[in-house]
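Letters A, B, ... mirror the listed sequences (proteins, then strands); counts begin at 1. All heavy atoms count here, side chains included; hydrogens, waters and symmetry mates do not.
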Protein chains: 2
Amino acid sequence: MTMNAAGGRRRPPTIHDVAREAGVSRGTVSRVLNGGHYVSPAAQEAVNAAIRRTGYVVNRHARSLITGRSDSIGFLLTEPQERFFEDPNFNVLLRGCTQALATHDIPLLLMLAGTEDERRRLTRYITAGHVDGVLLVSNHSGDPVAEQLREAGVPLVACGKPIGMGSKVSYVAADDRDGARDMVRHLLSLGRRRVGMVTGPLDTPGGVERLAGYQEVLAEAGFDFDERLVVSGDYSRASGEAGAERLLERAPDMDAVFVASDLMAQGVLAALHRAGRRVPQDVAVGGFDDSPAALASSPELTTIRQPWDRISAEMVRVLLAQIGGEDPAAVILPTELVKREST
Amino acid sequence: MTMNAAGGRRRPPTIHDVAREAGVSRGTVSRVLNGGHYVSPAAQEAVNAAIRRTGYVVNRHARSLITGRSDSIGFLLTEPQERFFEDPNFNVLLRGCTQALATHDIPLLLMLAGTEDERRRLTRYITAGHVDGVLLVSNHSGDPVAEQLREAGVPLVACGKPIGMGSKVSYVAADDRDGARDMVRHLLSLGRRRVGMVTGPLDTPGGVERLAGYQEVLAEAGFDFDERLVVSGDYSRASGEAGAERLLERAPDMDAVFVASDLMAQGVLAALHRAGRRVPQDVAVGGFDDSPAALASSPELTTIRQPWDRISAEMVRVLLAQIGGEDPAAVILPTELVKREST
DNA sequence: TTCTCTACTGTGAACGCTCACAGAAGCATG
DNA sequence: CATGCTTCTGTGAGCGTTCACAGTAGAGAA
């Protein structure tokens with residue numbers, strides 16, 4: 001019986017113990033551990049049995065020391081953290097990435113680059129090779145951390161199309177433009193003819209793309225572009241409210257509005273309610289994101305769902321491919337129209 | 001100029017390079033790195049300068065290999081994940097733990113034990129020594145993972161008082177009983193005399209404690225216990241709604257109700273509204289948790305705030321202490337009454 | 001002077017693994 | 001019977017640290 005102090009932990013079995021137990025050499029055990037090529041079935045079997053008997057688990061530190069890989073990846077958030085942690089889509093993303101990595105037996109390190117100090121610390125940590133790659137959630141507008149990592153050659157996959165970075169960085173994004181097209185087509189199919197829009201910030205790819213989709217469909221349908229029908233917002237509820245007020249002022253005959261985020265759409269609903277417009281009878285409202293806000297508002301919002309579960313899976317896939325030597329890639333995933341009460 | 005293939009990464013400088021650069025030995029550099037005892041000021045200075053010049057970052061794998069520590073800790077979620085990732089308090093906890101660990105330069109590994117496979121995999125991973133300790137979010141009712149970790153002697157700190165585990169496991173929790181007392185005292189101070197309660201699940205410590213606080217204050221105030229005023233729920237909105245209906249039936253003269261969670265309180269508000277009772281004029285409603293639901297409901301909920309930011313900081317502190325050899329500890333933190341419109 | 005003590009520094013040996021290499025065994029080919 | 005090829009196995013070196021130990025230098029005491 002081994003003396004084991006309170007909280008003490010036995011040193012776990014090593015590859016040596018397994019080799020002795022199986023009657024083979026360390027090399028053979030290592031080969032079994034890493035794919036099992038050039039190992040006889042008999043040895044294979046003996047080693048596996050020994051591993052089971054001893055409860056052996058590979059020491060990743062020793063492995064990493066020699067391979068130079070860490071077999072772990074970082075999930076890096078350079079945005080102001082509050083906003084993201086409150087966003088359920090972000091949570092789905094984080095959860096999805098963790099699970100996707102788990103199937104590869106790769107741990108996820110959560111990295112929050114809130115302060116300047118943290119940014120410096122994490123940049124050093126990452127470039128020192130303590131992770132093999134980074135899943136990046138960033139605002140993309142000249143993010144210095146992302147830029148440094150890219151320069152250091154760290155495999156990187158962004159969530160959403162990055163701006164201001166060369167094509168060297170992979171990304172996975174929902175098809176914003178096509179989602180917007182779907183929504184506007186849907187509004188037209190309901191017979192609406194004066195379709196307004198509250199855009200997102202136009203210095204982000206998402207904001208630009210959603211506007212472009214709106215314009216494309218209206219043009220295809222034969223409408224001239226009416227700038228009175230378009231106001232811009234910043235994704236906040238307040239900006240939606242203000243936007244709707246301006247729209248009502250400039251285009252009182254508006255009978256539908258496509259809002260670039262659910263949160264803004266909540267503001268729009270409030271403004272319409274105050275102005276005495278019924279939704280959807282007088283004005284149909286379409287949102288974007290399928291956030292809980294869409295379900296919580298009344299009437300419930302028709303919206304565009306982004307495939308966050310697939311986005312996370314793809315981010316992991318692309319990152320691992322890139323770590324494996326493949327070139328950076330861009331993946332665009334289709335969105336889905338979710339019809340509810342507001343249209 | 002070093003040839004550097006696309007995506008290739010230079011091998012970072014080692015302790016050897018620093019030693020050569022500083023004109024000292026590896027041992028001296030190592031001593032500087034680990035506290036700097038028994039190092040002359042001159043050497044200290046030379047090493048630090050060399051570290052800055054070379055951009056040296058310690059290779060944690062090599063260090064871990066010899067020290068046996070991993071200098072990383074796991075954040076383990078054994079609950080059904082959906083519920084927690086939707087809970088903003090959980091997000092505050094996760095964020096707080098990550099940040100608290102960051103100040104110690106310790107990375108946090110996110111571990112989601114959703115499926116049975118994952119549970120097995122993570123248990124092996126943890127007991128193999130790949131993390132030095134675990135921050136645990138669990139339902140505590142005979143959690144087999146937690147039990148195994150405890151038996152293996154892995155330092156463990158739970159969030160909320162665990163049930164069914166010996167005193168060997170540390171935990172940090174809000175003072176549920178005292179929070180409940182504060183709320184009920186508050187309701188009495190408003191002149192209410194028929195105070196009902198919708199409890200949480202009574203097989204959890206939190207549920208029991210909140211009920212106990214309620215009972216204590218009423219007893220102190222000289223009220224006899226009236227079982228018609230107490231119904232139990234399961235923290236869900238629906239159970240709050242059903243609970244309020246039963247309360248109204250059994251005690252129509254109820255003029256206040258303490259609800260053990262904000263989500264249930266939302267249900268209570270809905271039921272009261274349907275029954276034509278005005279809040280707070282006819283019935284005052286007090287919640288628990290200070291979740292966003294409390295702010296989103298109308299009227300806004302008076303509630304009890306749990307100090308999640310302090311809870312995360314304490315969990316990290318206790319865990320690190322335990323890793324450092326100290327005994328398991330229990331920490332109870334005070335709650336805060338947040339007065340809003342519903343009382 | 002010699003000895004002891006303290007403050008500091010360098011050295012080799014690990015930690016547990018992978019990888020390159022050497023070699024053995026089996027089998028077909030010249 | 002040698003030769004080559006394929007499949008398999010063992011061995012030594014080394015990844016970048018820390019740690020124990022041995023040593024050096026200088027100060028103070030005997």
Side-chain angles (χ1 to χ4, degrees), chain A residues 9-48 50-51 54-72 105 124-125 127-132, chain B residues 9-48 50-51 54-72 105 124-125 127-132:
Chain A
R9 289 152 87 180
R10 253 192 293 287
R11 272 215 174 254
T14 75
I15 206 173
H16 236 108
D17 302 322
V18 175
R20 188 162 13 86
E21 182 81 16
V24 298
S25 71
R26 287 163 16 241
T28 301
V29 177
S30 178
R31 275 183 288 265
V32 171
L33 253 34
N34 300 287
H37 293 303
Y38 287 94
V39 181
S40 69
Q44 181 96 245
E45 179 52 37
V47 168
N48 281 327
I51 287 176
T54 54
Y56 170 78
V57 178
V58 67
N59 182 323
R60 300 169 90 105
H61 300 302
R63 171 183 285 174
S64 292
L65 186 55
I66 189 161
T67 61
R69 285 174 289 117
S70 70
D71 291 316
S72 67
D105 202 25
R124 303 199 84 189
Y125 187 91
T127 53
H130 290 324
V131 293
D132 295 338
Chain B
R9 289 153 88 179
R10 254 192 292 286
R11 273 215 174 253
T14 75
I15 206 173
H16 236 110
D17 301 323
V18 175
R20 189 162 12 87
E21 182 81 16
V24 298
S25 72
R26 285 163 19 241
T28 301
V29 177
S30 178
R31 275 183 287 265
V32 171
L33 252 35
N34 300 289
H37 293 302
Y38 285 93
V39 181
S40 69
Q44 181 96 247
E45 178 54 36
V47 168
N48 281 326
I51 287 175
T54 54
Y56 169 78
V57 179
V58 68
N59 182 323
R60 301 170 89 104
H61 300 302
R63 170 182 288 174
S64 293
L65 185 55
I66 190 159
T67 61
R69 285 174 289 118
S70 70
D71 291 316
S72 67
D105 203 25
R124 304 199 83 188
Y125 187 91
T127 52
H130 291 324
V131 292
D132 296 336

Side-chain contact, heavy-atom cut-off 4.5 Å: A:Val24 with A:Val47?
yes
Whole-Å gap separating P (D:dT7) and CD (A:Gln44):
15 Å
Below the 4.0 Å mark, does C:dC17 have OP1 or OP2 next to a side-chain nitrogen or oxygen of A:Ser64?
no
Side-chain atoms of B:Ser25 come closest, of C:dA14, C:dT18, C:dT11, to C:dT11
A:Pro41 has a side chain; which of C:dC17, D:dC8, D:dG16 sits nearest to it?
D:dC8
Taken to the nearest whole Å, CG/B:Asp17 to P/D:dG16 is 9 Å
Euclidean distance, atom CZ of residue B:Arg69 to atom C1' of D:dT18 [Å, nearest integer]
10 Å
Taking the side chain of A:Tyr56 as heavy atoms from C-beta outward, which of D:dT9, D:dG16, C:dC17 is closest to it?
C:dC17
Flag the pair A:Arg69 / A:Ser64 as yes when at least one side-chain heavy-atom distance between them is below 4.5 Å, and no otherwise.
no
Do B:His16 and B:Tyr56 make a side-chain contact, defined as non-hydrogen atoms from C-beta onward lying under 4.5 Å apart?
no
Taking D:dT18, C:dG16, C:dT18 as options, the one with an atom nearest any side-chain atom of A:Asn59 is C:dG16
OP1 or OP2 of C:dT18 under 4.0 Å from side-chain N/O of A:Ser30:
yes
Any side-chain N or O of A:Ser40 less than 4.0 Å from the OP1 or OP2 oxygen of D:dT7?
no
Note: A:Asp17-A:Arg26 ion pair, threshold 4.0 Å (strictly below)
no
Would you name the heavy atoms of B:Val29 and B:Ala19 that are closest together and state the gap between them?
CG2-CA, 3.7 Å
Look at the side-chain N and O atoms of B:Tyr38 and state whether any lies under 4.0 Å from the OP1 or OP2 oxygen of D:dC21.
no
Evaluate the side-chain proximity of A:Val32 to A:Glu45: yes if any heavy-atom separation is below 4.5 Å, no if none is.
no
Which one, D:dG10, C:dT9, C:dC17, comes nearest to the side chain of A:Arg31?
D:dG10
Grab the CD1-P distance between A:Ile66 and C:dC15 for me, whole Å please.
16 Å
Within the pair A:Asn34 and C:dT18, is there a side-chain N or O less than 4.0 Å away from OP1 or OP2?
yes
To the nearest angstrom, the CG-P distance between B:Leu65 and D:dG16 comes to 12 Å
Side-chain N,O (A:Thr14) to OP1/OP2 (C:dG16) below 4.0 Å
no
On DNA chain D, nearest-nucleotide positions of A:Thr28 versus B:Ala62: which is more 5'?
A:Thr28
Which range-with-range stems can be found for DNA chain D when each stem has 3 or more Watson-Crick or G-U pairs in a row and both distances sit under 3.5 Å?
C:1-30 with D:1-30
Ignoring hydrogens, what is the shortest heavy-atom contact between B:Pro12 and A:Ala128? Give both atom names and the distance.
CG-O, 3.9 Å
With a 3.5 Å cut-off and heavy atoms only, can you find an N or O donor on one side and an acceptor on the other between the side chain of B:Arg60 and the base of D:dG16?
no
Rounded to whole Å, how long is the line connecting atom CD of B:Glu45 with atom P of C:dC8?
15 Å
Confirm from the modelled atom types if B:Arg26 and C:dT11 form a donor-acceptor pair under 3.5 Å, side chain to base only.
no
Is any side-chain N or O of B:Thr67 closer than 4.0 Å to OP1 or OP2 of D:dC19?
no
Whole-Å distance separating the CG atom of A:Leu33 from the C1' atom of C:dG16:
12 Å
Starting at NE2 of B:His37 and ending at P of D:dC19, how long is that distance when rounded to a whole Å?
13 Å
How are the rings of B:His130 and A:His61 set relative to one another: parallel (under 30°), tilted (30 to 60°) or perpendicular (over 60°)?
perpendicular
